[in-house]
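Scroll down for the structure; my scribbles are underneath it.
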Amino acid sequence: MPELPDVANLKRYFDATALGRTVARSSITDGRILGGASAELVARRLKGRRFEGTHRHGKFLFASISGDGWLVLHFGMTGELKLYKEEADRPRHARLVVDFEDGFHLAFVCVRLLGLVSITDDVEEFLQDRGVGPDALGGDLDLERFLDIFQGRRGAVKGALLKQSLVAGIGNVYADEILFQTGVRPDTKMNRLSGGELETLYRNLRVVLEKAAAPDESLDELPRGSILPHRGADGTCPRCSAGIRRMKVAGRSSYYCPKCQRKRG
DNA sequence: ACATTGACCTGAGAGC
DNA sequence: TGCTCTCAGGTCAATG
């Protein structure tokens, strides 16, 4: 679930449920979610504080803690947030539970433990240390920067789109959607695309993610319709009705239309 | 430097 | 019912 558009939704959920509330206490129920950070530090930083605002970069969500630093959340493959009141409603696989003074609880749920909970004092520094590239929807990713990053790469287009150090936020599903809109097969080598195709790729990347991240998600308004609901066995192309095919690219399942998406080179 | 592969985790679903 | 296998929307370390 949690690619850029999903994290945008989780940010809205966090804003609606946690901002302005005061933390009474918090607990980490499985230390493996911390990626080396200290559970004691997380608890100490949150206790008695309020969340004042949030910031999303790629698939990371940062929540500013009143007076002192940021809570870092990454949702991995299976992360989500759940606000609840009654203890009986605590979700399974809650890895971080924040208890608010007003009796509500916010759980960071992560079945497969591939997500991350941490603390940082400086968001920019955190992103730099981890080698995270510019946000896919950010203002500093203009066409020029995009071309700088992707032009001349030798590997598959899809592999490059998925690489968070190049551009942050695109995951397996939206990479397929962007490539469907662009009419390019996922295994096409990046350096086989013309300048014009790269520009189209950039425009589609922005449009797809903007539409998907909007509160009223509207992918079906895309010029070619959306391939996303047709992923999986027996899917058909929304544009030409050909059977959707599947192949592995960069180790990930990739769905594409054999008629609308051509391989170059 | 760049690209590909396996490992990290758990759970759901298919097939026997 | 229960076992085994495959797969899942992410990322890192190790390898070519």
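Letters A, B, ... are given to chains in the order of the sequence lines, protein chains preceding strands, and every chain is numbered from 1.
- Between A/Thr78 and the phosphate of C/dA8, there is no side-chain N or O to OP1/OP2 separation shorter than 4.0 Å.
- Between the side chains of A/Ser226 and A/Asp220, no donor-acceptor pair of N or O atoms lies under 3.5 Å.
- Between the P atoms of B/dA7 and C/dC5, the separation comes to 16 Å (whole Å).
- For the pair A/His57 NE2 and C/dT11 P, the computed distance is 12 Å after rounding to whole Å.
- Residues from residues 153-167 of chain A placing a heavy atom under 4.0 Å of any atom in DNA chain C, listed by number, are A/Gln164.
- Residue A/Leu73 contributes atom CG, which lies 14 Å from atom P of C/dT11 at whole-angstrom precision.
- Applying the 6.0 Å contact sphere to CD of A/Glu87 captures more than 12 heavy atoms from other residues, nucleotides or ligands.
- By the ring-ring contact (aromatic ring centres under 6.0 Å, His included) test, A/His74 is found to be paired with A/Phe60, residues two or more places apart in sequence or in another chain being considered.
- By the ring-ring contact (aromatic ring centres under 6.0 Å, His included) test, A/Phe100 pairs with no residue at all, sequence neighbours left out.
- Taking atom P in both B/dA3 and C/dG9, one finds a spacing of 22 Å when rounded to whole Å.
- Residue A/Leu113 contributes atom CG, which lies 16 Å from atom P of C/dC12 at whole-angstrom precision.
- Using a 4.5 Å cut-off on side-chain heavy atoms (C-beta onward), A/Tyr255 and A/Phe180 make no contact.
- One finds a salt bridge joining A/Asp135 and A/Arg56 here, because a Lys/Arg side-chain nitrogen approaches an Asp/Glu carboxylate oxygen to under 4.0 Å.
- Look at CZ on A/Arg252: it is 17 Å from P on C/dT6, rounded to the nearest Å.
- For C/dA8, the OP1/OP2 oxygens have no side-chain nitrogen or oxygen of A/Arg231 closer than 4.0 Å.
- Here A/Arg246 lies in heavy-atom contact (under 4.0 Å) with sugar-phosphate atoms only.
- A donor atom on one side chain and an acceptor atom on the other are not found under 3.5 Å apart for A/Gln128 and A/Glu124.
- Nucleotides C/dA14 and B/dC9 have their P atoms positioned 15 Å apart, rounded to a whole Å.
- The interatomic distance linking A/Asn9 (CG) with C/dG9 (P) rounds to 18 Å, in whole Å.
- Protein chain A contacts DNA chain B over a range whose 5' and 3' limits, counting nucleotides with an atom under 4.0 angstrom from a non-hydrogen atom, are B/dC2 to B/dG11.
- Heavy atoms from other residues, nucleotides or ligands lying under 6.0 Å from CZ of A/Arg262 number 12 at most.
- Taking the six-membered ring where tryptophan is involved, the planes of A/Phe108 and A/Phe75 are tilted, since the angle between them lies from 30° to 60°.
- Screening A/Arg245, A/Arg231, A/Lys158 for a side-chain hydrogen bond (donor to acceptor under 3.5 Å, both in side chains) with A/Ser254, the sole residue that qualifies is A/Lys158.
- In this structure, A/Gly171 reaches the sugar-phosphate backbone alone: every heavy-atom distance under 4.0 Å involves primed, P, OP1 or OP2 atoms, never a base.
- Base pairing in DNA chain C gives the following stems of 3 or more Watson-Crick or G-U pairs, range against range and under 3.5 Å: B:2-8 with C:10-16, B:10-16 with C:2-8.
- In this structure A/Asp99 satisfies the side-chain contact (heavy atoms from CB on, under 4.5 Å) test together with A/Arg25, A/Val97, A/His105, sequence neighbours excluded.
- In this structure, the CZ atom of A/Phe75 is 14 Å from the C1' atom of C/dG9, given to the nearest Å.
- Other residues, nucleotides and ligands place more than 12 heavy atoms under 6.0 Å from the CG atom of A/Asp102.
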